[in-house]
Amino acid sequence: MKRILSTLSIKWPEYLLEVIVIVVGILGAYALNNWNEERKASKLELKLLSQISGTLREDSIVIQNVINRMSYTQKLVLDLQEELRSGRPYNDSIAYKFAHVSFFSSVHSDKSGYESLLNAGLTIIKHDSIRYYIPEYFGRVDFLNETADQ
């Protein structure tokens with residue numbers, strides 16, 4: 001026992017240094033692992049947001065087409081009302097307008113990016129409002145499609 005204590009009293013700086021090197025090495029490895037995981041998460045977040053951004057661009061084009069069709073339908077309905085109130089006999093113009101009036105449209109969004117985001121977990125999105133509004137958007141698209149299908 002005396003021998004161990006005498007060795008420790010002489011070599012304690014070496015042992016302390018060795019313990020410090022081991023602790024620093026473990027903490028460094030842990031920090032490096034955290035940095036790598038954060039980098040992977042950021043890369044995945046960027047990929048998913050890019051996919052969803054593409055879906056939003058495509059949806060905006062579809063929605064603009066729906067708006068244009070609805071404007072055209074509104075014009076047809078107003079023309080039909082005028083034709084029917086005029087009392088003129090039924091003609092090809094009225095038939096054409098009846099045939100081309102449509103009231104419901106749906107937006108069939110590509111949900112693959114959103115589904116990938118759900119699988120990865122919404123918490124991967126760092127920005128709070130984006131994390132909130134993405135599910136809101138796709139929920140509303142689903143609602144509109146359900147309403148249009150009825």
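Everything numeric in this text was worked out from a predicted model, so none of it was measured.
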One should read off an interatomic distance between Ile124 CD1 and Ser116 OG, to the nearest 0.5 angstrom, of 10.5 Å

Separation of Ser93 OG from Asp79 CG (nearest 0.5 Å)
7.5 Å

Residues that Phe98 engages under ring-ring contact (aromatic ring centres under 6.0 Å, His included), provided they are two or more places apart
none

Kindly compute the distance separating CG (Leu17) from CH2 (Trp12), expressed to the nearest 0.5 Å.
11.0 Å

Side-chain touch Lys43/Leu46, heavy atoms, less than 4.5 angstrom
no

Asp142 versus Lys111: any side-chain heavy-atom pair under 4.5 Å?
yes

Test side chain to side chain contact (heavy atoms under 4.5 Å, CB included) on Met70 and Val66 and set out the steps.
CA-CA 6 Å; Met70 294 307 284; Val66 168; 4.2 Å; yes

More than 12 heavy atoms of other residues, nucleotides or ligands under 6.0 Å from CD of Gln81: is that the case?
yes

Give the cluster check for Leu118 versus Ile130: same hydrophobic cluster or not, with ILVMFWY residues linked at side-chain heavy-atom distances below 4.5 Å.
yes

Leu117 side chain reached by Gln51 side chain, heavy atoms, under 4.5 Å
no

What distance separates Leu78 CG from Lys97 NZ, expressed to the nearest 0.5 Å?
10.5 Å

Side-chain heavy atoms under 4.5 angstrom apart, residues restricted to Ile, Leu, Val, Met, Phe, Trp, Tyr: same cluster for Tyr133 and Phe138?
no

Smallest separation among heavy atoms of Pro135 and Leu122, with atom names:
CG-CD1, 3.9 Å

Side chain to side chain donor-acceptor pair (under 3.5 Å) partners of residues 22-36, not counting sequence neighbours, each pair once:
Asn36-Arg39

For Glu37, what residues pass the side-chain hydrogen bond (donor to acceptor under 3.5 Å, both in side chains) criterion, not counting sequence neighbours?
none

Side chain to side chain, Ile52 and Tyr137, heavy atoms closer than 4.5 Å:
no

Shortest non-hydrogen contact from Pro89 toward Ile94:
O-CD1, 4.2 Å

Let me confirm one number: the OG-CD1 distance from Ser129 to Ile134, rounded to the nearest 0.5 Å.
9.5 Å

List, by chain and number, the other hydrophobic cluster members for Val23, where Ile, Leu, Val, Met, Phe, Trp and Tyr join if side-chain heavy atoms come within less than 4.5 Å, directly or indirectly.
Val19, Leu27

Not counting sequence neighbours, list each pair that qualifies as a salt bridge (Lys or Arg N to Asp or Glu O under 4.0 Å) and has a residue in residues 113-139.
Glu38-Lys126, Glu45-Lys126, Asp128-Arg131, Glu136-Arg140

What residues join Ile22 in its hydrophobic cluster, counting side-chain heavy atom gaps under 4.5 Å, either direct or through other members?
Ile26

What distance do Leu80 atom CG and Arg85 atom CZ have between them, rounded to the nearest 0.5 Å?
11.0 Å

Among side-chain atoms of Ser53 and Arg57, is any donor-acceptor pair under 3.5 angstrom?
yes

